[in-house]
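Counting begins at 1 with the first residue of the sequence. What's counted below: heavy atoms across the whole structure, side chains too, no hydrogens, waters or symmetry copies.
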Amino acid sequence: MKIAYLTNQYPYIRHTFIRREIQALESLGETVYRYSVRDSGKDSPDSADIAEYSQTRALLSVNMLSILWITWVTFFRSPSRWFNAFGIASRLARKASNGYFRNLFYFCEACVLRKWLAKNEVEHLHVHFATNPASIALLCRKLGGPTYSITVHGPEEWDRPEALSLQEKYEQAAFVVAVSDFGRCQIFRWIDPAFWSKVYVVHCGVDLAYLESTPDPVPDTNKLLSVAGLVPQKGHLLLLPALKKVKEMGHQFQMVFIGDGPLREPIEKMIQDLNLQDCVTLLGWQSNTEVQQQLHRSRALIMPSFAENLPVAMMEAFATGRPVLGTYVAGIPELIEHGVNGFLVPSGNVDATCKAIIQLLTLSNDRLNAMGFAGFQAVKSNHCVTTETKKLRQLFEQTISDNQKKSSK
């Protein structure tokens, strides 16, 4: 098979799960082309992303004159398809909340993508995120491009379903993938029940390198770790007051944040205001190897998120044998069993978060190891990247086969 992947920005430090999926497909013998809407740049803390960059082609790396030329050439080759796709693009742009002309330009990008896919004889296009890449994939299909499918991650898709025209994108797709049962029901909300049968759950996975050996015991440390972008939905601004309470109650700890984003300055200011400079450290983005090393040196992962689906960072922590503190949000309870492999707290509750952190700091290492091993078993059973990617490959094969049968009639 010749498969293409499209996402808004690839490679990207927060999207290692996409890289793992692509590489797992290639290890199964498939040809995978990488496309990105925007150029992600060569600067990355992860050498694996740097290697992926050289294999990725960005639509917006093409100069404007070339994009417009390809758009007009597409018109002359098939005026009827061009007008049909342009009409759809205009309708989607009118619904969008981030600018009509910006969204209409996705049509031009779709013309470029259709040309590239045809040149490489791509049989199917898979998209991660139902935002602008899915718009481009839909328009590319209407221009005569290959079938497409979408993996929906959330929570952005759930926040703006009508502005993103999710119903049309989902129903026009060959199939739609959710990464959790919760995510699947959110897709069901926005499509006719007649289309429910083409919605599947394929979990994000972790590397076999995480799962091939028994995890190391939890070290004798008070170090806690957070791995997440510094964005509102991750709950950092709630976690800091909870940590202040932990400190005031006489418990010593070191809290390390891995990640970066628009909330860095407010977080730094809050750390100062709460006098947490001696026990909270911001490391910024780190490579995947460095994240693994930090997990091995830590006691537990802390993620008091306001909005999520099913974070890969939690899977990686479990794969390392570390308990996780999460919230009763979206698909998280599908992975974390309260008191078994971690703790669940109500999102936005400072006191409950404080109490759970103290539990993690005061539990015996034997208890922490038992919780970490239970998490390891859960990830090994349900989040192995090879197993999950095989499910996706079967969907690709079936879609291509069905399309070939239709074309031969």
Side-chain angles (χ1 to χ4, degrees), residues 1 3-7 10-34 44 46-53 55-56 124 126-129 149-154 175-181 183-184 200-215 227-228 286-293 295-296 301 303 308-322 324 331-332 334-336 341 372-397:
M1 290 188 297
I3 304 295
Y5 267 58
L6 174 68
T7 191
Y10 183 84
Y12 185 43
I13 190 66
R14 295 178 63 183
H15 296 162
T16 55
F17 53 88
I18 301 176
R19 184 185 74 219
R20 290 172 180 162
E21 189 175 281
I22 289 173
Q23 292 175 342
L25 276 170
E26 290 180 326
S27 71
L28 294 170
E30 309 303 343
T31 300
V32 184
Y33 295 94
R34 290 98 154 137
S44 172
D46 200 309
S47 59
D49 281 338
I50 294 172
E52 284 293 292
Y53 180 81
Q55 300 183 67
T56 304
H124 182 77
H126 188 63
V127 176
H128 273 272
F129 303 102
S149 51
I150 311 170
T151 291
V152 182
H153 293 275
F175 63 89
V176 182
V177 169
V179 299
S180 68
D181 289 321
R184 176 170 54 183
Y200 301 86
V201 174
V202 178
H203 297 121
C204 291
V206 298
D207 293 333
L208 286 175
Y210 278 103
L211 304 174
E212 287 177 336
S213 60
T214 303
V227 183
Q286 303 290 301
S287 70
N288 196 48
T289 299
E290 290 165 330
V291 171
Q292 289 183 49
Q293 291 172 350
L295 281 167
H296 280 289
L301 182 77
M303 291 191 69
E308 283 287 2
N309 192 345
L310 192 51
V312 174
M314 291 184 177
M315 302 171 201
E316 293 177 350
F318 279 152
T320 313
R322 300 297 176 264
V324 176
I332 293 174
E334 297 174 31
L335 182 59
I336 298 178
N341 56 22
F373 187 73
F376 172 78
Q377 293 289 84
V379 169
K380 189 172 184 178
S381 298
N382 298 306
H383 295 279
C384 172
V385 68
T386 302
T387 302
E388 297 306 303
T389 303
K390 285 180 179 178
K391 297 176 185 177
L392 195 59
R393 182 176 67 164
Q394 288 180 341
L395 294 172
F396 292 156
E397 288 175 340

- Query: With sequence neighbours left out, what residues match Phe396 under side-chain contact (heavy atoms from CB on, under 4.5 Å)?
  - Reply: Met1, Ile3, Tyr5, Leu25, His124, His126, Ser149, Phe175, Leu392
- Give a yes or no on whether the backbone of Leu295 and the side-chain of Arg322 come within a donor-acceptor separation of less than 3.5 Å. yes
- Message: List the residues meeting salt bridge (charged side-chain N to carboxylate O under 4.0 Å, His left out) with Glu397, not counting sequence neighbours, and say none if there are none.
- Response: none
- Contacts of type ring pair (Phe, Tyr, Trp, His ring centres under 6.0 Å), residue Phe17, not counting sequence neighbours: His15, His153
- Contact check, side chains of Met303 and Glu308, non-hydrogen atoms, under 4.5 Å: yes
- Message: Is there a side-chain contact between Thr151 and Val202 in this structure, where contact means two heavy atoms from C-beta onward sitting under 4.5 Å apart?
- Response: no
- Determine which pairs satisfy side-chain hydrogen bond (donor to acceptor under 3.5 Å, both in side chains) with at least one residue from residues 376-388, sequence neighbours left out, and list them in order. Glu388-Lys391
- Message: If you compare all heavy atoms of Ala313 against all heavy atoms of Val227, which two are closest, and at what distance to 0.1 Å?
- Response: CB-O, 3.6 Å
- Not counting sequence neighbours, which residues clear side-chain contact (heavy atoms from CB on, under 4.5 Å) with Thr16? List them please. Arg19, Arg20, Glu316
- Non-neighbouring partners of Asp181 that pass side-chain contact (heavy atoms from CB on, under 4.5 Å), sequence neighbours left out: Arg184, Val201, Glu334
- Query: Measuring from Glu52:CD to Ile18:CD1, what's the distance to the nearest 0.5 Å?
  - Reply: 10.5 Å
- pair Thr214-Phe376: side-chain heavy atoms closer than 4.5 Å: no
- Can you list the residues that meet the side chain to side chain donor-acceptor pair (under 3.5 Å) rule with Gln394, with sequence neighbours excluded? none
- Message: If you define the side chain from C-beta out and look only at heavy atoms, does anything of Val324 sit under 4.5 Å from Asn341?
- Response: no
- Message: If the condition is side chain to side chain donor-acceptor pair (under 3.5 Å), which residues does Tyr33 pass it with, not counting sequence neighbours?
- Response: none
- Query: Should Val379 and Leu335 count as side-chain neighbours, where that means a heavy-atom distance under 4.5 Å?
  - Reply: yes
- Rounded distance (nearest 0.5 Å) linking atom OG of Ser287 with atom CD1 of Ile13: 7.0 Å
- Task: Report yes if some heavy atom in the side chain of Ile22 is under 4.5 Å from a heavy atom in the side chain of Tyr10; otherwise report no.
- Result: yes
- Item | Pairwise side-chain contact, Gln293 with Gln286, heavy-atom cut-off 4.5 Å (strictly under) | no
- Message: Leu28: which residues meet the side-chain contact (heavy atoms from CB on, under 4.5 Å) condition with it, sequence neighbours left out?
- Response: Thr389, Lys390, Arg393
- Message: Suppose we screen for side chain to side chain donor-acceptor pair (under 3.5 Å). Which residues come up paired with Ser180, at least two apart in sequence or across chains?
- Response: Asn309
- Item | Derivation of the side chain to side chain contact (heavy atoms under 4.5 Å, CB included) call for His128 and Glu21 | CA-CA 11 Å; His128 273 272; Glu21 189 175 281; 2.9 Å; yes
- Let me see the working for Leu301 and Phe318 under side chain to side chain contact (heavy atoms under 4.5 Å, CB included), right down to the final yes or no. CA-CA 9 Å; Leu301 182 77; Phe318 279 152; over 6 Å; no
- Task: Could you tell me which non-hydrogen atom of Ala319 sits nearest to which non-hydrogen atom of Pro215, and how far apart they are?
- Result: O-CB, 4.1 Å
